[in-house]
Amino acid sequence: MQEKYLPTDIERAAQAHWNSTKAFRAVADAKRPKYYCLSMFPYPSGKLHMGHVRNYTIGDVLSRHHRMKGYNVLQPMGWDAFGLPAENAAMQNQVPPAKWTWDNIAYMKQQLQSLGFALDWERELATCAPEYYKWNQWLFLRMLEKGIAYKKTQVVNWDPVDQTVLANEQVIEGRGWRTGALVEKREIPGYYLAITHYADELLAALDTLPGWPERVKTMQANWIGKSTGLRFAFPYELDGKAEKLWVFTTRADTIMGVSFCAVAAEHPLATHAAQSNPQLAAFIDECKHGSVMEADLATMEKKGLPTGIFVDHPLTGAKVEVWVGNYVLMSYGDGAVMGVPAHDERDFAFARKYGIAIEQVIAVEGQSFALDAWQEWYADKQRGRCVNSGRYDGLGYEAAVDAIAADLAAKGLGEKKVQFRLRDWGVSRQRYWGCPIPIVHCEECGSVSVPDEQLPVVLPEDCVPDGSGNPLNKRADFLDCACPKCGKPARRETDTMDTFVDSSWYYARYCVDPATRAANTAMVDASSNHWMPADQYIGGIEHAILHLLYSRFWTKVMRDLGLVNYDEPFANLLTQGMVLNHIFSRRNDKGGIEYFAPEEVDLRRDEDGHVVGATCKADGQPVDYGGVGTMSKSKRNGVDPQALIETYGADTARFFMMFASPPEQTLEWSDSGVEGAYRFLKRVWAFGFAIQSQAAAAMPATLAAGPAALRREIHLLLKQANYDLGKLQFNTVASAAMKMLNALEKAHKESADASQAPVLAEGFSILLRVLSPIAPHLCHTLWTELGYGAEILAAPWPEPLETALVQDEQELVLQVNGKHRGNIRVKVGADRTAIEAAALASEAAQKFMEGKPAKKVVVVPGRLVNIVV
RNA sequence: GCCCGGGUGGUGAAAUUGGUAGACACAAGGGACUUAAAAUCCCUCGGCCGCAAGGUCAUGCGGGUUCGAUUCCCGCUCCGGGCACCA
């Protein structure tokens, strides 16, 4: 056995061993419980980043732990290979996105392999491969047949200079990122998937997911946004015709306080009024500028203009003026809202700004209504009662809503309605590097589906986009085709699918039997029913809503098409925190922002060690410290894992990632700490080397006090480690391993007594197994070298022994008036009275009770005694 | 702006989730070994008072519940994630 820890050598050898034994190939087996451990697949951006290392190490720790616990583990990997960055890289380097993507995949695959993850590479997939995206197209056509996919207009960011559609990310402060031109909203046709058909099920089924974090379920529930309210109409007459302006509200109890209505700029009523009102037309035009992002809409100044059109209040008949408001969304409800300034914050601000009447219709007893000071209760559903509301006066929220709903229903002007915030999923993208939408446009037959037997519609792989729109529009060999219906010359659809489509079902594709995959005769087969749902899904918290919701939707569609027999794709979800690093920047001469990598700056600290500033190492000038943020190329604060692996080895990288913070929390990067992880692994190796001759010592029937105490300590730490593994809290599992080594080293150093050899041998075998999911190469090698067995992968997971844990006395905390004043020792299993007596008799208690009698004694068995005087 | 998280020593964090706040590490300082360095090992390490024993304050800020609060409740503040075309 080597005396020195040589990570490069042992990691290469261990990986070669696992390869040659096909150790991680997953084969369905009815006799063993399955464990499908799924990590979010990476976008092949070029090289692995720390977020990937963190994500996949978590998955690998879970996989290896479950394998040793007897599960049949499937842990696959693949590539989310379509997307915008490939087009950007293509523009920059004149390389087709396909080549760039496949090259990146090859490099990143080798990086993943060097980290020693227990992956079944035979199931690898890439979403940009025609054999994969064929099934996106196939399922899209099934959705079209069922009416789940449909066509309507969508609003996009339009760059008027490049004549192209921009992603939200490409809009910076309202301007196109390349041209700097003011972005406009533009309506174009596109395909939508009716996720709203499943809104109720997607919401209700959150309750069937106890293995999901509460916060993710809350976010999804809020996103779906089910609200029960009233959809009602304001009647009006226009050009002699009777019309209705429909609105939706969850606060029907405030209807009597309506003093205006507001419609979206795209609302027909706005369009109509603008025909005879140039000022209004200009305002509507202004509303069309700016991005389509909700965050922008919500933070911009609320503006409006009256239309001069009046509608009738449906209950009082009073005239109510209609305004156009830039904050009203056409895509939500009917694109119109009622305005009740007294009981809605936004309406209040709007009314104040434009001098619209504010009429109180809700009162809370004991509270007075004043325009500056009723925000605490103005919308209180619990305590509020109707006032100034005619026959509804005195009614509470629910009674008022019921009465008003009934009255409006009787007039045919309204009914209770369940409304969702969730909108249908627009999947058309005017981009090249994505899955082609399998539609052909024929002058005679219109939009025609590509027949199944002609799938996949293959994307040409040699285009290089230039930023001025989709290059497919210039590819005659792609565009020109025969109409599948009439056979006449036709034109292929050039829009491609949202990349969220690709990632909405890849988890099921991994499960497909390799033979089915090879023949590619089906999207999924019965194997997906065996492995699915994934027992553990691991990925960044940034996917809490969109990706996870789309995947749940897609699964339900596949279920309803009879393709799979499960309702939900992911039984347990772990949302890892982001990996953050410090951000340093400086405004340059041109007014742009220049970023500096952390290694390019020196930090200035105050006496307490707090960061107070930073300077650039190169020029000594100050730079702005921007706090911490997710590692990204654009902010230049990423750390390359490759250097880490090359210097210290994969086990150190993995150990540090697990030790640095619990998986769900954000992880602030620090170079220090990596050294510490490396030091620990070296000590593990050195200890193995030191006790190699004792590793076979057999445990005697009884132990002397010293070795028994050491054994108890190890088994206690094991108990804690197992508990923490159950909580997915791997940082304390790593620290338990460190504590075990500290205890073993100390005993080994302090006593040469041969009688403790069996405890050292057993303790180290426990340590190696507990550590092996985190640092598998090291533990695999030591396990074999010390002769514990052939294969640590096949070793059973250790469980603490009750016989090793017993003790006769225990220590309790002694408190007087809730303050820690000392400790007492009592027999294990001592009853309350005995503990109380021992506590009262103790010196510390006597001192701090100051002669006063005990009013109350709180005894928490096994923990503490609190004497209240 | 809206929704969801988080804030504990110089730093990352722990506290079996209402019961000894700071385990385990990192950094720093001191020492041993060495011709020297690296590596390794040992000691100190939240603030204040004290020679010490010990006391006292302290888990972002302000309140509350409790014998007892990092943990539960209310308000604020700062940081992170998401907001539907980044993935």
Side-chain angles (χ1 to χ4, degrees), chain A residues 40 42-43 45 80 83-85 154 156-157 165-171 213-216 218-219 221-223 225 292-300 302 327 331 346 422-426 428-431 498-500 503 540-547 549-550 575 577-578 580 605 607-610 627-630 632 659-662 664-668 670-677 679-680 682-683 686 719-720 723-724 727 729 731-732 734-739 742 749 811-823 855-858 860 863-864 866-869:
Chain A
M40 289 183 187
Y43 177 79
S45 56
D80 189 11
L84 205 50
Q154 51 178 352
V156 295
N157 301 306
V165 175
L166 297 178
N168 284 339
E169 179 186 64
Q170 298 171 316
V171 179
E214 225 32 68
R215 62 167 157 157
V216 174
T218 308
M219 281 191 258
N222 291 341
W223 186 261
V292 300
M293 275 180 274
E294 191 183 311
D296 290 342
L297 295 173
T299 46
M300 73 186 174
K302 310 286 177 286
Y327 62 93
S331 53
R346 196 171 49 188
L422 181 69
R423 306 198 296 258
D424 278 344
W425 173 14
S428 292
R429 295 291 179 271
Q430 296 68 43
R431 260 185 261 298
D498 180 4
T499 55
F500 274 124
S503 55
I541 181 67
E542 70 273 21
H543 295 292
I545 296 174
L546 293 178
H547 162 62
L549 196 63
Y550 292 149
T575 47
M578 316 276 294
L580 312 179
R605 293 171 188 276
E607 285 168 359
D608 297 330
H610 296 114
V628 289
T630 45
S632 76
F659 180 66
S661 88
E664 304 230 86
Q665 264 181 46
T666 53
L667 186 151
E668 269 176 50
S670 85
D671 292 314
S672 51
V674 173
E675 280 278 354
R679 205 144 49 212
F680 168 68
K682 275 197 286 192
R683 275 170 57 208
K719 195 175 174 181
Q720 181 228 308
Y723 176 81
D724 292 343
K727 283 198 299 180
Q729 186 174 289
N731 54 328
T732 47
S735 96
M738 292 175 126
K739 288 176 185 175
N742 288 348
K749 207 174 293 174
E811 194 156 83
L812 300 184
V813 167
L814 174 69
Q815 294 184 336
V816 178
N817 285 336
K819 284 198 173 173
H820 181 210
R821 295 301 186 184
N823 298 289
K855 258 192 246 167
K856 182 174 169 186
V857 180
V858 181
V860 183
R863 280 202 177 270
L864 64 65
N866 184 17
I867 302 167
V868 187
V869 293

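Per chain, numbering begins at 1; letters A, B, ... match sequence-line order.
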Out of B:rG55, B:rG81, B:rC4, whichever nucleotide has its closest atom nearest the side chain of A:Arg821: B:rG55

Separation between the C1' atoms of B:rG47 and B:rG10, rounded to whole Å: 13 Å

Atom P, compared across B:rG60 and B:rC43: separation rounded to whole Å: 32 Å

A:His547 NE2 - B:rC83 C1' separation (whole Å): 18 Å

Atom pair distance, as rounded to whole Å: CE in A:Met219 and P in B:rG5: 7 Å

Strand partner of B:rA84, provided both Watson-Crick or wobble distances fall under 3.5 Å: none

Pairwise P distance for B:rA21 and B:rG29, with rounding to whole Å: 31 Å

A:Leu84, nearest nucleotide to its side chain (from B:rC83, B:rU40, B:rA87): B:rA87

Rounded distance in Å between the P positions of B:rG30 and B:rA38: 13 Å

A:Asn222 side chain near B:rC2 phosphate (N/O to OP1/OP2, under 4.0 Å): no

Whole-Å distance separating the CZ atom of A:Arg215 from the P atom of B:rC83: 15 Å

B:rA21 - base-pair partner by Watson-Crick or wobble geometry, distances under 3.5 Å: none

C1' spacing across the pair B:rU66 / B:rC72, given as an integer number of angstrom: 10 Å

OP1 or OP2 of B:rU40 under 4.0 Å from side-chain N/O of A:Lys682: yes

Chi-angle category of B:rG5 [syn within 90° of 0, anti beyond]: anti

B:rC42 phosphate, OP1 or OP2, under 4.0 Å from A:Lys749 side-chain N/O: yes

P gap between B:rA14 and B:rU71, integer Å: 16 Å

Sequence-aligned protein contact record of nucleotides 13-25 of chain B, with B where the base is within under 4.0 Å of a protein heavy atom and S where only the sugar-phosphate is: SSSB--BB--BBS

Value in whole Å for how far the P atom of B:rC83 lies from OH of A:Tyr327: 25 Å

Watson-Crick or G-U counterpart of B:rA58, or none if no pair lies under 3.5 Å: none

Whole-Å gap separating P (B:rG6) and CE (A:Met578): 16 Å

Pairwise C1' distance for B:rA23 and B:rU70, with rounding to whole Å: 15 Å

Sugar-phosphate, base or nothing in reach of A:Val216, heavy atoms under 4.0 Å: nothing

Nucleotide opposite B:rA15 in a Watson-Crick or G-U pair, distances under 3.5 Å: none

Candidates B:rA84, B:rA39, B:rC4 - which lies nearest the side chain of A:Leu422: B:rA84

Complementary nucleotide of B:rG29, counting Watson-Crick and G-U pairs under 3.5 Å: B:rC43

Base partner of B:rU77, which must satisfy Watson-Crick or wobble distances under 3.5 Å: B:rG7

Atom pair distance, as rounded to whole Å: CE in A:Met40 and C1' in B:rA87: 11 Å

Euclidean distance, atom CZ of residue A:Arg429 to atom P of B:rA84 [Å, nearest integer]: 11 Å

Euclidean distance, atom CE of residue A:Met293 to atom C1' of B:rG1 [Å, nearest integer]: 14 Å

